Novice: 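What follows is a single structure, and I will ask about it in a moment.
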Amino acid sequence: MQTNPLVRRSNIGVRQWVTWTLGGSAVFLVPWTVLLAATLPSETRVQNWALAWIGLDFLLTIGCLLTAVYVSRGHELARIAATATATVALLDAWFDITTARPGADFTQAVASAVGELALAGVCTFLALRRRESSEGTN
């Protein structure tokens with residue numbers, strides 16, 4: 001079966017556009033990150049602190065739920081949901097540890113991060129595993 005040459009050209013155009021956009025973003029982000037490292041204060045007061053954390057945990061909850069539903073149904077979106085959930089879990093672990101005060105808060109953050117990293121590992125496994133070829137296999 002032959003592929004339509006117009007479709008092939010279209011895919012190449014999209015691939016080039018995405019490559020240039022993401023590659024350009026990566027190049028831009030290097031000096032931006034250096035600038036932030038040199039200029040951001042080590043401490044700051046923030047508004048909506050609780051809302052930010054609740055929102056992050058809500059995203060993680062929704063990600064776990066969607067991933068579980070998609071996996072149980074053998075849906076192709078399971079990999080995408082698992083990837084997104086792993087990403088949110090990694091972010092949650094990062095911010096737990098990097099924003100914790102020394103002492104008991106830090107110990108609690110590390111304990112939370114261990115669970116979040118385990119969740120990210122399971123989701124990464126789900127995202128990368130081979131798709132099962134037949135219905136009803138585990």
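On a predicted model such as this, the values are computed, not experimentally measured, just so you know. Along the sequence shown, residues carry numbers from 1.
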Novice: What residues form a side chain to side chain contact (heavy atoms under 4.5 Å, CB included) with Ile62, not counting sequence neighbours?
Specialist: Phe58, Leu66
Novice: Considering only heavy atoms from C-beta outward, does the side chain of Leu126 approach that of Tyr70 to under 4.5 Å?
Specialist: no
Novice: Please enumerate all residues that pass side chain to side chain contact (heavy atoms under 4.5 Å, CB included) together with Phe125, with sequence neighbours excluded.
Specialist: Arg129
Novice: Would you say Val88 and Trp53 are hydrophobically clustered, going by side-chain heavy atoms of ILVMFWY under 4.5 Å?
Specialist: yes
Novice: Taking ILVMFWY side chains as joined if any heavy atoms are under 4.5 angstrom apart, and letting links pass through other members, which residues group with Val27?
Specialist: none
Novice: Of all heavy-atom pairs between Arg79 and Arg130, which one has the smallest distance, and what is that distance?
Specialist: NH2-C, 3.3 Å
Novice: Who clusters with Leu90? Use side-chain heavy atoms, under 4.5 angstrom, across I, L, V, M, F, W and Y, and order the result by chain and number.
Specialist: Leu117
Novice: What's the separation between atom CG in Leu91 and atom CG in Asp96, rounded to the nearest 0.5 Å?
Specialist: 10.5 Å
Novice: Any side chain to side chain donor-acceptor pair (under 3.5 Å) involving residues 80-93? Give me the pairs, sequence neighbours left out, ordered by first then second residue.
Specialist: Thr67-Thr85
Novice: Going only through I, L, V, M, F, W and Y residues with side-chain contacts under 4.5 Å, is there a path from Leu59 to Trp94?
Specialist: yes
Novice: What residues join Leu65 in its hydrophobic cluster, counting side-chain heavy atom gaps under 4.5 Å, either direct or through other members?
Specialist: Val69
Novice: Could you give all pairs that pass the salt bridge (charged side-chain N to carboxylate O under 4.0 Å, His left out) test and reach residues 102-121, with sequence neighbours left out?
Specialist: Arg101-Asp105
Novice: Compare every heavy atom of Cys123 with every heavy atom of Ala86, then report the nearest pair and how far apart it is.
Specialist: CB-CB, 3.7 Å
Novice: Which atom pair, heavy atoms only, marks the closest approach of Ala109 to Ala100?
Specialist: CB-CB, 3.7 Å
Novice: Return a table of donor-acceptor pairs under 3.5 angstrom between the side chains of residues 30-50 and protein atoms on other chains or two or more places apart.
Specialist:
from	atom 1	to	atom 2	distance (Å)
Thr33	OG1	Leu29	O	2.7
Thr39	OG1	Leu35	O	2.8

